[in-house]
Amino acid sequence: MDWETVSFDHENHVTTITVDRPDRLNALNVETLEAFDEALDEAAARDTRVLVVTGAGDDAFVAGADIAYMKDMSVADAQTYAELGHRVVNRLESFRAPVIAAVNGYAFGGGCEVALAADIRVASERAVLGQTEIDLGIVPGWGGTQRLARLVNDEVARRLVFFGERVDAQDADQYGLVGDVVAHDQLDAVVADMAADLAEKPAFALQSAKEALNQVHRMHLDAGLQYEQRLWSGLFGTEDQKEGMTAFVEDREPNFE
Ligand code: COA
């Protein structure tokens with residue numbers, strides 16, 4: 001866990017991965033993406049029940065892919081870089097536990113795409129988000145065109161991608177791009193409370209909930225409903241189901257594994 005540009009913390013089942021390159025507003029160069037990928041291995045190896053992703057410093061969540069690095073890339077380089085970026089955001093999306101993006105500042109381009117891959121986005125009132133790639137002569141390349149259009153309405157997605165508009169936290173909230181806007185100095189506390197609440201929930205049930213919800217845009221409705229049924233029935237093999245229902249019947253608080 002000796003990465004220069006990513007820091008890692010694991011406490012009380014909550015893992016926090018912080019992109020830590022504040023002199024470049026946490027822009028994701030190759031080294032940082034590789035460190036992020038390894039940090040995800042570490043998070044998966046621990047008993048992580050909630051994963052929080054944020055950026056170091058007071059200004060940026062992640063200001064995007066590294067423009068200085070991308071400037072002279074060939075098509076082949078671009079493909080390799082896109083694959084690495086996709087790998088990291090896909091791993092966030094499919095991470096077994098809920099992922100919370102604590103959007104503490106600028107989240108542009110690849111930074112917005114990292115936030116889009118999270119389950120929950122909590123923004124500081126200072127956050128500014130956008131798929132700004134159009135003004136660099138490119139388009140979102142780490143899942144933005146697909147995830148944005150699934151999260152917000154289609155015209156909002158098109159406007160954001162076509163104009164490269166940078167939207168403040170309030171507008172992002174109105175568009176449905178983030179779920180919550182909080183005072184900047186409250187962000188860590190709000191996210192910590194949310195993470196602690198989720199960490200106490202039955203972990204297998206949460207995992208199943210995430211897996212089922214992740215299929216909404218992947219499966220046909222009939223297949224998704226079948227999938228939900230199988231996940232639901234499988235949970236009756238867990239101690240948490242026994243405990244949750246027994247606690248209800250005995251009129252006490254459940255004590256999940
Ligand atoms: N890639 C590489 N370097 C970046 C970067 C990025 N995405 N975003 C910021 N930086 C660097 C700047 O070049 C600058 O480096 P320098 O100190 O060597 O000049 C440093 O981070 C600080 O950024 P700066 O632009 O001076 O800060 P600012 O407060 O004036 O502006 C932003 C902040 C985020 C508005 C501005 O940096 C910006 O627009 N960044 C690009 C955002 C973007 O389009 N991202 C999508 C990429 S796909």
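FYI, the numbering just counts along the sequence from 1. Both counts, for ligands and for their atoms, begin at 1 and track the order of listing.
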Q: Could you give me the CA-CA distance, side-chain angles and deciding distance for Asn29 and Arg24, then say whether side-chain contact (heavy atoms from CB on, under 4.5 Å) is met?
A: CA-CA 10 Å; Asn29 60 354; Arg24 286 289 176 276; over 6 Å; no
Q | Residue that, paired with Ile100, satisfies side-chain contact (heavy atoms from CB on, under 4.5 Å) out of Ile120, Thr54, Val190 | A | Ile120
Q.
With a sphere of 6.0 Å drawn around CZ of Arg96, does it hold more than 12 non-hydrogen atoms of other residues, nucleotides or ligands?
A. yes
Q | Sub-4.0 Å protein heavy atom next to atom 36 (C) of ligand 1 | A | no
Q) Which of the atoms of ligand 1 are close to Ala65, meaning less than 4.0 Å from one of its heavy atoms? A) 1 (N), 6 (C), 7 (N), 47 (C), 48 (S)
**Q.** 4.0 Å protein heavy-atom contact status of atom 11 (C) of ligand 1, strictly under
**A.** yes
Q | Pair Asp77-Thr80, side-chain donor/acceptor within less than 3.5 Å | A | no
Q: Measure the distance from atom 23 (O) of ligand 1 to every protein heavy atom, then report the residue, atom name and distance (to 0.1 Å) of the closest one.
A: Leu25 CD1, 3.5 Å
**Q.** Under-4.0 Å protein heavy-atom contact, atom 21 (O) of ligand 1
**A.** yes
Q) What is the distance from atom CZ of Phe162 to atom CZ of Arg158, rounded to the nearest 0.5 Å? A) 5.5 Å
Q.
For the CG atom of Asp240 and the NZ atom of Lys201, what is their distance to the nearest 0.5 Å?
A. 12.0 Å
Q: Please check if atom CD in Glu4 has more than 12 non-hydrogen atoms from other residues, nucleotides or ligands closer than 6.0 Å.
A: no
Q. Is there a protein heavy atom less than 4.0 Å away from atom 8 (N) of ligand 1?
A. yes
Q. Is atom 3 (N) of ligand 1 in close reach of the protein, with a heavy atom under 4.0 Å away?
A. yes
**Q.** Sub-4.0 Å protein heavy atom near atom 28 (P) of ligand 1
**A.** no
Q) Does the protein put a heavy atom less than 4.0 Å from atom 25 (O) of ligand 1? A) no
Q | Atoms in ligand 1 flagged as close to Thr132, the criterion being non-hydrogen separation under 4.0 Å | A | 43 (C), 44 (O), 45 (N), 46 (C)
Q. If you count the atoms of ligand 1 from 1 in the order shown, which ones are under 4.0 Å from a heavy atom of Ala63?
A. 7 (N), 8 (N), 42 (C), 43 (C), 45 (N), 46 (C)
Q: Indicate whether atom 33 (C) of ligand 1 is within a distance of less than 4.0 angstrom of some protein heavy atom.
A: yes
**Q.** Proximity winner for atom 18 (O) of ligand 1, if only heavy atoms of Glu113, Arg166, Arg24 are counted
**A.** Arg24
Q: Indicate yes or no: does Arg87 engage Glu83 in a salt bridge with an N to O separation below 4.0 Å.
A: no
**Q.** Sidechain N-carboxylate O distance under 4.0 Å for Lys210, Asp119
**A.** yes
Q) When you measure from atom 41 (C) of ligand 1 to every protein heavy atom, which one gives the shortest distance, and what is it? A) Ile67 CD1, 3.7 Å
Q) Based purely on interatomic distance, does Gly109 place a nitrogen or oxygen under 3.5 Å from a nitrogen or oxygen of ligand 1? A) no
Q.
With side-chain contact (heavy atoms from CB on, under 4.5 Å) as the criterion, how do Leu235 and Leu231 come out once you've worked through the C-alpha distance, each side chain's angles and the decisive distance to 0.1 Å?
A. CA-CA 6 Å; Leu235 289 170; Leu231 286 172; 5.7 Å; no
Q: Considering the heavy atoms of Phe108, write down every atom of ligand 1 situated less than 4.0 Å from one of them.
A: 34 (C), 42 (C), 43 (C), 45 (N)
Q) Do any heavy atoms of Asp23 fall under 4.0 Å from ligand 1? A) yes
Q: Would you indicate whether Asn12, at its atom CG, is surrounded by more than 12 heavy atoms from other residues, nucleotides or ligands within a distance under 6.0 Å?
A: no
